[in-house]
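Atoms considered below: every heavy atom in the structure, side chains included; atoms not considered: hydrogens, waters and symmetry mates.
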Amino acid sequence: MTSTLTQARRKRQYALKIVSKIYFKISCSWEQRKLGEVSERVQGNDGRMDLPTLTISAANGWMSQEDRFSGNIAGKEQKNYTLLHKGELSYNHGNSKLAKYGTVFSLESYEEALVPRVYHSFRMIDADASFIEYYFSTKIPDRELAKLISSGARMDGLLNISFDEFMGIKINLPSIQEQQKISYYLRQLDNLITLHR
């Protein structure tokens, strides 16, 4: 059962990657911006510790720690977790087989959640969050991220990429209206693939 689900997820990611790359490669009137020019940092929390505690899986996106690890592994560190709201994003700069340079996911399934502070969390101020998530899923930003890595992964598996360095990567963006159209189309495709697996 697990291997069947894993194969289905890989097929879904592969199909999305192909369609996304077509969208992102045919860009002619897109503008190059630094990520930090269209987003701002999210950090800290308001002391509520009864919110869902999440982690990022490269294969599955946001998952509750209970589902991923059979329990909340935050412990005392949870008081330092970041409060993320729906539509805000986190970059998990841990490398894995599926995501050599880490992954970016937008929080969509929860209104609010606590996420590890080691993630680089941010909100878009001049771009669409879903579009940014799909953009990172194409691996197009990997070339920019690769330039930042000086010594590979640390002992904890995290890449040596600071928040400021991450915000300095260059991304290509169409108009906000076009971003919304693209992310809507890709979300519909994503839902269709999920429905038929």
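Minimum interatomic distance between Ile171 and Val38 (heavy atoms only, all atoms of both residues): CD1-CG2, 4.3 Å. Contact detail for Thr82 and Arg117: the closest heavy-atom pair is OG1-CA, 3.7 Å. Residues Lys34 and Gly168 share a closest heavy-atom pair of CG-O, 3.8 Å. Scanning all heavy atoms of the two residues, the minimum distance from Leu84 to Leu89 falls at CD1-O, 4.0 Å. Nearest approach of Met63 to Ser57, heavy atoms of both residues: SD-CB, 3.7 Å. Contact record, Ser64 with Leu54: CA-CD2, 3.7 Å, taken as the closest heavy-atom pair.
Side-chain atoms of His93 come within 3.5 Å of backbone N or O of Leu159 as a donor-acceptor pair. Judged by distance alone, the side chain of Asn45 and the main-chain N or O of Tyr81 form a donor-acceptor pair under 3.5 Å. Side-chain atoms of Glu178 do not come within 3.5 Å of backbone N or O of Ser175 as any donor-acceptor pair. A distance-only check finds a donor-acceptor pair linking the side chain of Gln65 to the backbone of Ala74 [under 3.5 Å]. Although no hydrogens or angles enter the test, the distance criterion places no donor-acceptor pair under 3.5 Å between the side chain of Arg41 and the main chain of Asp164. Panel note: side chain Tyr119, backbone Ile56; a donor-acceptor pair is recorded below 3.5 Å.
Connection of Met49 to Val118 is not established within any shared hydrophobic cluster, with ILVMFWY side chains joined at heavy-atom distances below 4.5 Å, either directly or through further cluster members. Under the 4.5 Å side-chain heavy-atom criterion for Ile, Leu, Val, Met, Phe, Trp and Tyr, Ile176 and Tyr185 are members of distinct hydrophobic clusters.
Separating the OH atom in Tyr91 from the CD1 atom in Ile132 is a distance of 14.5 Å, to the nearest 0.5 Å. Distance check, rounded to the nearest 0.5 Å: CG of Leu186 to CZ of Phe131 gives 9.0 Å. Between atom OG1 of residue Thr55 and atom CG of residue Asp67 there is a gap of 11.5 Å, rounded to the nearest 0.5 Å. The CG atom of Asn92 sits 8.0 Å away from the CH2 atom of Trp62 when rounded to the nearest 0.5 Å. Gln32 contributes atom CD, which lies 9.5 Å from atom CD of Glu37 (distance to the nearest 0.5 angstrom). Put simply, NZ on Lys139 and CG on Leu145 are 10.0 Å apart, with the number rounded to the nearest 0.5 Å.
Looking at residues two or more places apart in sequence or on another chain, you find a ring pair (Phe, Tyr, Trp, His ring centres under 6.0 Å) between Phe122 and Phe166. Partners of Glu66 under the salt bridge (charged side-chain N to carboxylate O under 4.0 Å, His left out) rule, at least two apart in sequence or in another chain, do not exist in this structure. Qualifying ring pair (Phe, Tyr, Trp, His ring centres under 6.0 Å) partners for Phe163, counting only residues two or more places apart in sequence or in other chains: His120. Residues meeting the salt bridge (charged side-chain N to carboxylate O under 4.0 Å, His left out) test with Glu144, sequence neighbours left out: Lys147. Asp142 pairs by the salt bridge (charged side-chain N to carboxylate O under 4.0 Å, His left out) definition with nothing, not counting sequence neighbours.
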Apply the test side-chain contact (heavy atoms from CB on, under 4.5 Å) to residues Ile149 and Tyr101: give CA-CA distance (whole Å), side-chain angles for both, the deciding distance (0.1 Å), then the verdict.
CA-CA 9 Å; Ile149 298 168; Tyr101 298 104; 3.3 Å; yes
Criterion side-chain contact (heavy atoms from CB on, under 4.5 Å) on Phe136 and Thr103, from CA distance to verdict
CA-CA 7 Å; Phe136 274 89; Thr103 56; over 6 Å; no
Run Leu148 and Ile169 through side-chain contact (heavy atoms from CB on, under 4.5 Å) and show every step you take.
CA-CA 9 Å; Leu148 303 176; Ile169 68 169; 3.7 Å; yes
Can you check side-chain contact (heavy atoms from CB on, under 4.5 Å) on Met124 and Leu35, steps first, answer last?
CA-CA 9 Å; Met124 304 316 299; Leu35 181 58; 4.2 Å; yes
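Using a 3.5 Å distance cut-off with no hydrogens or angles, the side chains of Tyr184 and Ser130 do not pair a donor with an acceptor.
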Show the atom names and distances, to 0.1 Å, of all donor-acceptor pairs under 3.5 Å that link a side chain in residues 104-112 to residues at least two apart or in another chain.
| unit_1 | atom_1 | unit_2 | atom_2 | d |
| --- | --- | --- | --- | --- |
| Ser106 | OG | Glu108 | OE2 | 2.6 |
| Glu112 | OE1 | Arg48 | NH1 | 2.9 |
| Glu112 | OE1 | Arg48 | NH2 | 3.2 |
| Glu112 | OE2 | Arg48 | NH2 | 2.9 |
| Glu112 | OE2 | His85 | NE2 | 3.3 |

